[in-house]
Amino acid sequence: MDCNKLAELLFPNITETPEELETRYPPRDLPEGAKVTRFAPSPTGFVHFGGLFPSMTGERLAHRSGGVFYLRIEDTDAKREVPGAAEGLIRTLARYGVRFDEGAVIGDDGRITDRGSYGPYRQSARASLYHVYAKKLVAEGKAYPVFTTDEELDRLNAADRKAELQSKIRTEEAAAAQREEMLSHRRFTLEEVEAHLRHGDPFVLRILSDGDGKKTVKATDLVRGTLEFPENDEDFVLLKSDGIPTYHFAHAVDDHLMRTTHVIRGEEWLPSLPKHLQLFRYLGFRPPKYMHIAQIMRIDENGNKKKLSKRDMGANMDDYTRMGYCPEAVCEYVMTLLNSNYEEWHMQNPDKPYTDFPFDIKKMAVSGCLFDFVKLNDVSKNVLSRMTAGQVFDGLTAWAAEFDPEFHEELTADPAYAMAILSIGRGGKKPRKDLAVWADAKPYMSFFYDRFFSVTDPIPDRFDKADIDAVLTAFLASYDEKDDAAVWFDKVKKIAASLGFAADMKEYKADPDAYKGSIADVSMFLRVAVTGKTNSPDLYTVMQLLGAARTTARIRAML
RNA sequence: GGCCCGGUGGUCAAGCGGCUAAGACACCGCCCUUUCACGGCGGUAACACGGGUUCGAUUCCCGUCCGGGUCACCA
């Protein structure tokens, strides 16, 4: 068979050569050791939590090495594409600090455009590039067309075929039959090809595999070390019948042409690594370094681990926004999972941003970890506790504007007041950690606003109403807003003592029966009256912020 | 089912032939404290199992079991 003739028949319009592409996309001029990485999602939906891992890894590796991090849109499957998904993806990633130097970006008109000289960055716009290499492979006898008639296409879409794929099981007989079928496709003549072409039959291009499933190939993965796989012996599809490449082919061509140095992707790609290595070899490309990173897992209803997928709670990044997690907290949590020594580093460098952390490939986890909201909350509390009141105010109001308009209204009506509230216990070495998410703020501070104030947590009924009233009345009589904290508390103590409550906790504990209660109880009466709850931040400060008028009004209302 | 990857406390994990097997989160006590939060101190809790190799295995090898992934003209 004349392979050159076949190549000409199949790709008559391709005149460019691989050599020309080499000069059009020359090796990048970057310092020694600079890494070129990419995030290459298919625009089939939103970015989910699992997608943050490879993207943050790529971003860190590229930017810490003085390299390039770019975005490539893998839209080779028109059937699955979701309109607007690519734009959403970019915006979401940007919120989490994942910024691209190059690739598909959102232009001024809100639509996707390219930035950088290694584009186009949408695979659907790169068809002619793939065809240059497809033609080369055909000419060298390394790939061949398989024509499919309409009825064969129907068979591919048939229900039983779908069921077979659904079952995810490939029995030995099925494999043998498939192999037999594949081999039969290799037998054709130029005349047959010409006839099909004349007839307008679509074809797929398959690789002519030289692999032997009985032999093995070694592959190196930067996070897993040396791996061994059976050689690929499958004539997998390079070009689909619409002329668009499959992932495998696009990966080889794109990552070579775009000069990617490190391919970072989920471990679900591990089994197809032999295919990719074979392709790079066929194409004469030097393969990139691979990093297959562990999947994030969840526990399913049967108690088994499952890969975190789009529908799961905690998968959609918009959920985090809605719940009120700030991006910094999410990023930090991701870092703790990505590099096992991150937490240690962070404890030693509490004031440095995670971008200063010396990210290390060797510290990456090999096995998939379970997503843990409890840990996320802890990380988040720490992140929020380190913020200034102004930062908290900004974050909180931005969240509330969208998800709690009533609260937002109150917050912004008097920003100074809101910030004063948020300043309680903030700053210093041991800041309060009341907030994990923005949504925690309202239950924490709502009593500062008359609109939200109510007694939700009443005084336990083991106390006499008369005693409570006596305390409140006495407090009202002695309260002076201008007292400092020490004077204020002294007065409370005096009231306690005069009404049969222990002013000193140690004395009370020594002999509880000698008293009606303690200073703690007295404080609690006041606290419930003023805040509506049995616990709150420092009462004196609360009263100061509330002001004398509201403080006394609330206490009177309890009588 | 074939192939591939993995298996240290409830979770995330140090470890890389010899350790009383770190640490963080969670949980439980105690302390501090007018409540809460913070902070401090202490505690419960782990090398999946069976064979090797070795003077010695959590660590190396093999098998078993368990978990995950993958077997498309999807990525």
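Below, chain A is the first sequence line, B the second, and so on; all start at residue 1. Being a predicted model, the structure only gives us computed values, none of them experimental.
Contact check on A/Glu231 versus A/Lys215 returns no salt bridge, with no Lys/Arg side-chain nitrogen under 4.0 Å from an Asp/Glu carboxylate oxygen. Under a 4.0 Å N-O distance rule, the pair A/Arg432/A/Asp434 qualifies as a salt bridge. By the 4.0 Å N-to-carboxylate-O rule, A/Arg122 lies close enough to A/Glu81 to be salt-bridged with it. By the 4.0 Å N-to-carboxylate-O rule, A/Arg72 lies close enough to A/Asp255 to be salt-bridged with it. Between A/Arg126 and A/Glu74 no salt bridge is recorded (no basic side-chain N to carboxylate O distance below 4.0 Å).
Within the nucleic acid shown, A/Ser518 has no heavy atom closer than 4.0 Å to any nucleic acid atom. A/Tyr247 comes within 4.0 angstrom of a nucleotide base, judged by non-hydrogen atoms across all strands. Counting non-hydrogen atoms under 4.0 angstrom, A/Val204 reaches a base of the nucleic acid. No engagement by A/Lys493 is indicated, since no non-hydrogen atom pair under 4.0 Å with the nucleic acid exists. Here A/Phe236 lies out of heavy-atom contact (under 4.0 Å) with every strand. Within the 4.0 angstrom heavy-atom criterion, no nucleotide atom of any strand lies near A/Arg265. Residue A/Glu344 is out of contact with every strand shown, counting any heavy-atom pair closer than 4.0 Å. Across all strands, A/Lys306 comes closer than 4.0 Å only to sugar-phosphate atoms, never to a base (heavy-atom distances).
Comparing A/Lys363 and A/Leu227 by the nucleotide of RNA chain B whose heavy atom lies nearest to each, the residue mapping closer to the 5' end is A/Leu227.
Picking from B/C5, B/A75, B/C3 the nucleotide with the shortest atom distance to the side chain of A/His248 gives B/A75. For A/Pro271, the listed nucleotide lying nearest its side chain is B/U70; candidates were B/U70, B/C25, B/A75. Taking every side-chain heavy atom of A/Ile519 into account, B/U34 is the closest of B/C74, B/U34, B/C4. Out of B/C74, B/C5, B/U33, the shortest distance to the side chain of A/Lys506 is found at B/U33.
A donor atom on one side chain and an acceptor atom on the other are not found under 3.5 Å apart for A/Asp483 and A/Tyr540.
Nucleotide B/G29: paired with B/C41 (Watson-Crick or G-U wobble, both distances less than 3.5 Å). The base-pairing partner of B/G2, taking Watson-Crick or G-U wobble contacts with both distances under 3.5 Å, is B/U70. Pairing partner, B/A48: B/U64, with both Watson-Crick or wobble hydrogen-bond distances short of 3.5 Å. Pair assignment for B/A24: B/U11, on the basis of Watson-Crick or G-U wobble contacts that are both within less than 3.5 Å. Summarising the base pairing, B/U58 is matched to no nucleotide, lacking a Watson-Crick or G-U wobble pair whose two defining distances lie under 3.5 Å.
For the pair A/Lys352 and A/Phe357, the cation does not sit on the ring face, since its NZ or CZ is not both under 6.0 Å from the ring centre and inside 45° of the axis.
The distance from atom CG of A/Asn341 to atom C1' of B/A22 is 14 Å, rounded to the nearest whole Å. Atom P of nucleotide B/U33 and atom CZ of A/Phe489 are separated by 11 Å, given to the nearest angstrom. In this entry the distance linking NZ of A/Lys494 with P of B/U34 reads 16 Å, nearest Å. The distance between atom CD of A/Glu507 and atom C1' of B/U33, rounded to the nearest whole Å, is 17 Å. Remark: P of B/G69 and CD1 of A/Ile293 are 16 Å apart, rounded to the nearest angstrom. Between A/Tyr342 atom OH and B/A24 atom C1' the separation is 13 Å, expressed in whole Å. The CH2-P distance, from A/Trp269 to B/C71, rounds to 8 Å in whole Å. Protein atom CD of A/Glu234 is 12 Å distant from nucleotide atom C1' of B/C73, rounded to whole Å.
A/Leu338 and A/Phe53 get closest at one heavy-atom pair: CD1-CD2, 3.2 Å. In terms of heavy atoms, A/Ile293 sits closest to A/Arg224 at C-NH2, 4.4 Å.
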Interface polar pairs with nucleotides 35-42 of chain B, N/O, under 3.5 angstrom:
from: B/U35; atom 1: O2'; to: A/Thr534; atom 2: O; distance (Å): 3.1
from: B/U35; atom 1: N1; to: A/Arg527; atom 2: NH1; distance (Å): 3.4
from: B/U35; atom 1: O2; to: A/Arg527; atom 2: NE; distance (Å): 3.3
from: B/U35; atom 1: O2; to: A/Ser536; atom 2: N; distance (Å): 2.8
from: B/U35; atom 1: O2; to: A/Ser536; atom 2: O; distance (Å): 2.9
from: B/U35; atom 1: N3; to: A/Arg527; atom 2: NH2; distance (Å): 3.2
from: B/U35; atom 1: N3; to: A/Ser536; atom 2: O; distance (Å): 2.7
from: B/C36; atom 1: O2; to: A/Arg432; atom 2: NH1; distance (Å): 3.3
from: B/C36; atom 1: O2; to: A/Arg432; atom 2: NH2; distance (Å): 2.3
from: B/C36; atom 1: O2; to: A/Ser536; atom 2: O; distance (Å): 3.4
from: B/C36; atom 1: N3; to: A/Arg432; atom 2: NH1; distance (Å): 3.1
from: B/A37; atom 1: O2'; to: A/Lys433; atom 2: N; distance (Å): 2.8
from: B/A37; atom 1: O2'; to: A/Lys433; atom 2: O; distance (Å): 3.4
from: B/C38; atom 1: O2'; to: A/Lys430; atom 2: O; distance (Å): 3.1
from: B/C38; atom 1: O2'; to: A/Pro431; atom 2: O; distance (Å): 3.2
from: B/G39; atom 1: OP1; to: A/Lys433; atom 2: NZ; distance (Å): 2.9

List, with names and distances, any nitrogen or oxygen atoms from the protein found under 3.5 Å away from nitrogen or oxygen atoms belonging to nucleotides 44-46 of chain B.
none

Identify the pairs formed between an N or O of the protein and an N or O of nucleotides 9-13 of chain B at a distance under 3.5 Å, and give each distance.
from: B/C12; atom 1: OP1; to: A/Leu370; atom 2: N; distance (Å): 2.8

What does the list of N/O pairs under 3.5 Å between the protein and nucleotides 58-65 of chain B look like, with a distance for each?
none

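A search for salt bridge (charged side-chain N to carboxylate O under 4.0 Å, His left out) contacts involving A/Asp77 returns A/Lys79, A/Arg80, not counting sequence neighbours.
For the pair A/Phe203 and A/Leu10, the minimum side-chain heavy-atom distance is below 4.5 Å. Looking only at side-chain heavy atoms (C-beta outward), A/Val528 and A/Met558 come within less than 4.5 Å of each other. Considering only heavy atoms from C-beta on, A/Arg186 comes within 4.5 Å of A/Leu208 through its side chain.
At least one donor-acceptor pair closer than 3.5 Å links the side chain of A/Asp372 to the backbone N or O of A/Val374. Between the side chain of A/Arg206 and the backbone N or O of A/Asp235, at least one donor-acceptor pair lies under 3.5 Å.
Going from the P atom of B/C16 to that of B/U53 covers 25 Å, rounded to whole Å. Taking atom P in both B/C30 and B/C36, the straight-line distance is 13 Å, to the nearest Å.
In this model, the phosphate group of B/G67 is not approached by any side-chain N or O of A/Lys307 to a distance below 4.0 Å at OP1 or OP2. Between A/Lys275 and B/C71 there is no side-chain polar atom (N or O) within less than 4.0 angstrom of OP1 or OP2. Between A/Arg224 and B/C4 there is no side-chain N or O to OP1 or OP2 distance below 4.0 Å. At least one side-chain nitrogen or oxygen of A/Thr76 sits closer than 4.0 Å to the OP1 or OP2 atom of B/A75.
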Worked verdict on A/Ser124 versus A/Asp75 for side-chain hydrogen bond (donor to acceptor under 3.5 Å, both in side chains)
CA-CA 6 Å; A/Ser124 56; A/Asp75 56 347; 2.6 Å; yes

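Counting only residues at least two apart or in different chains, salt bridge (charged side-chain N to carboxylate O under 4.0 Å, His left out) contacts with residues 517-527 of chain A are absent.
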